[in-house]
Protein chains: 2
Amino acid sequence: MSRSIKKEAILDTAESLFYDHGFHAIGLKKILEEANVAIMTLYNHFSSKEQLIEEILKRRESQYWLYLDSFVEEGSASPFLQVVKAHVNWLNDKGKNGCMFLRAMEEFAGTDNQIENIARNHKNKLLKYLRDLGQKSGYANDEDIAFQMTVLLEGATSMAEIVGPQQAGKQAISMAQSLLNTWRR
Amino acid sequence: MSRSIKKEAILDTAESLFYDHGFHAIGLKKILEEANVAIMTLYNHFSSKEQLIEEILKRRESQYWLYLDSFVEEGSASPFLQVVKAHVNWLNDKGKNGCMFLRAMEEFAGTDNQIENIARNHKNKLLKYLRDLGQKSGYANDEDIAFQMTVLLEGATSMAEIVGPQQAGKQAISMAQSLLNTWRR
DNA sequence: ATGAAATTATAATGATCGTTCTATCTAAAG
DNA sequence: CTTTAGATAGAACGATCATTATAATTTCAT
């Protein structure tokens, strides 16, 4: 089964182009050229440009969670530091141009609810993940910790656009270590 | 002199629309309709869509510095806390949809150098401002402080998109207070 | 009131947008 | 070999894109 080798080519190049230039800035034509795929092949796999974007976001989200899951070990002494390190690795691999979910929210809020919700739900899921992690690790106020961790992670993502992922990652880890001392168990 | 009342209408509505939906997502037609302006009036004041965007970014940058200048007082005991508070106020007033400069970088990097440079220069100028502020306040390593402050500010901006400016601002200020204790003079 | 400057309306430009249709072709499964 | 599904090329759709040309109109200081 050559099952969907073409579909994955579309998803890969579309994700790359959308991430590098924005969703509205990239037309289907450019995707088709770079992916070496015919227009009808795209519409055979996806019902519209918006639905293609939805699949890309869902796929990217599951990839992000793979990074977190592989770095954060059950019952770790410093789970939040592992979260930051996972995020920094994510930035190094495919986060040099900001957060694709926030960018989807920014471009489609008030226009395409489906796309906006996928992005927004991901962020809320991340907040809940951090809250649960704090609670599970015996921290006092998991609410504030989850918020501050989010500020830290999103800040590192933006900072990576300005001075690169390694510099941003180094500072994010340093900040996390400082903040960890202020969080009481 | 009714000097450029129309020009300002264009700048105002264009900035609002670009910020809410993105630069490529908004066509000139929508700007003209909302600003009640004829197409030739726009091209009389701006040579192209890109040049309009450039002026918007420059204007927005000077507005941002007004916030910083009005909050950060010369020789303050805690200048960085004032920076954070200035930034939080900025978020409350016109920062509910991310950082417009980062978004300009993301949409135009590799496509329009002029626009990209305006945005990137602003970020570098902010980094230098924070570095100078740290040095002037007698902090040991202004380099790291500037980086971490940037992570904090940009993180608050992104966080404001997810949970609103007040929640993001509250956490950013709390984080700043924690970090301040770790920075040695 | 006059003259200059700014704004307007309208239409046309060529390019590109997302999407659909038709028809041909390739490739694998039975 | 034949069937079937997937991919292809190419054209067409109407809509919108940024930009320009032309010409009429309004605004405003003198």
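So you know, we letter chains A, B, ... as the sequences are listed, proteins then strands, and number each from 1. Keep in mind the model is a prediction, meaning the values are calculated, not measured. We use all heavy atoms of the structure for the numbers below, so side chains are in, but hydrogens, waters and symmetry mates are not.
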Carboxylate-amine/guanidinium contact A:Arg103 B:Glu106, below 4.0 Å: yes
B:Leu179 backbone acceptor or donor facing B:Thr182 side chain under 3.5 Å: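 Indeed, once roles are kept as given, a pair shorter than 3.5 Å links the two residues.
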Side-chain (A:Glu107) to main-chain (A:His24) donor-acceptor, under 3.5 angstrom: yes
Output one line per pair: protein atom, nucleotide atom from nucleotides 24-26 of chain C, and distance, for all N/O pairs under 3.5 Å.
none

B:Arg184 atom CZ: more than 12 heavy-atom contacts under 6.0 Å: no
Parallel, tilted or perpendicular, as decided by the 30° and 60° cut-offs, for the rings of A:His122 and A:Phe101: tilted
Contact residues, residues 107-118 of chain A to DNA chain D [heavy atom, < 4.0 Å]: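 Heavy-atom contacts with DNA chain D come from no residue of residues 107-118 of chain A; none.
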For DNA chain C, the residues among residues 41-60 of chain B that have a non-hydrogen atom under 4.0 Å from it: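 Correct list: B:Thr41, B:Asn44, B:His45.
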Proximity to DNA chain C (any heavy atom under 4.0 Å), residues of residues 9-37 of chain B only: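 B:Asn36, B:Val37 - these, ordered by number, are the residues of the stretch whose heavy atoms sit under 4.0 Å from the strand.
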Please give, in whole Å, the distance from [N] [atom2] to [X] [atom1]?
X	N	atom1	atom2	result
A:Ile39	D:dA12	CD1	P	16 Å
A:Met40	C:dC21	CE	P	8 Å
B:Ile5	D:dT27	CD1	P	12 Å
B:Lys6	D:dC28	NZ	C1'	15 Å

Steps toward ring pair (Phe, Tyr, Trp, His ring centres under 6.0 Å) verdict (B:Phe80, B:Tyr139): CA-CA 11 Å; B:Phe80 289 119; B:Tyr139 282 97; 5.6 Å; yes
Partner of B:Asp12 under salt bridge (charged side-chain N to carboxylate O under 4.0 Å, His left out), chosen from B:Arg60, B:Lys94, B:Arg59: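 The residue from B:Arg60, B:Lys94, B:Arg59 that satisfies salt bridge (charged side-chain N to carboxylate O under 4.0 Å, His left out) with B:Asp12 turns out to be B:Arg59.
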hydrophobic_cluster_shared for A:Leu102 and A:Ile118, side chain cutoff 4.5 Å: no
Shared hydrophobic cluster, B:Leu127 / B:Leu57 (ILVMFWY, side-chain heavy atoms < 4.5 Å): no
Under the salt bridge (Lys or Arg N to Asp or Glu O under 4.0 Å) test, residues paired with B:Lys123 that sit two or more places apart: B:Glu154
Pair A:Ser76, A:Gln82: side-chain N/O donor-acceptor within cut-off below 3.5 Å: yes
Derivation and outcome, ring pair (Phe, Tyr, Trp, His ring centres under 6.0 Å), residues A:Phe71 and A:His87: CA-CA 9 Å; A:Phe71 271 78; A:His87 188 84; over 10 Å; no
Secondary structure of DNA chain D in dot-bracket form (Watson-Crick or G-U wobble, distances below 3.5 Å, | marking inter-strand pairs): |||||.||||||.||||.||||||.|||||
Cation over ring face, A:Lys7 and A:Phe46, 6.0 Å, 45°: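 Ring-cation test returns yes.
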Any B:Lys7 side-chain N or O less than 4.0 Å from OP1/OP2 of C:dT7: no
Spacing of CD belonging to B:Gln114 relative to CD1 belonging to B:Ile53, to within rounding of 0.5 Å: 12.0 Å
Separation between CD of B:Gln148 and NZ of A:Lys170, rounded to the nearest 0.5 Å: 9.5 Å
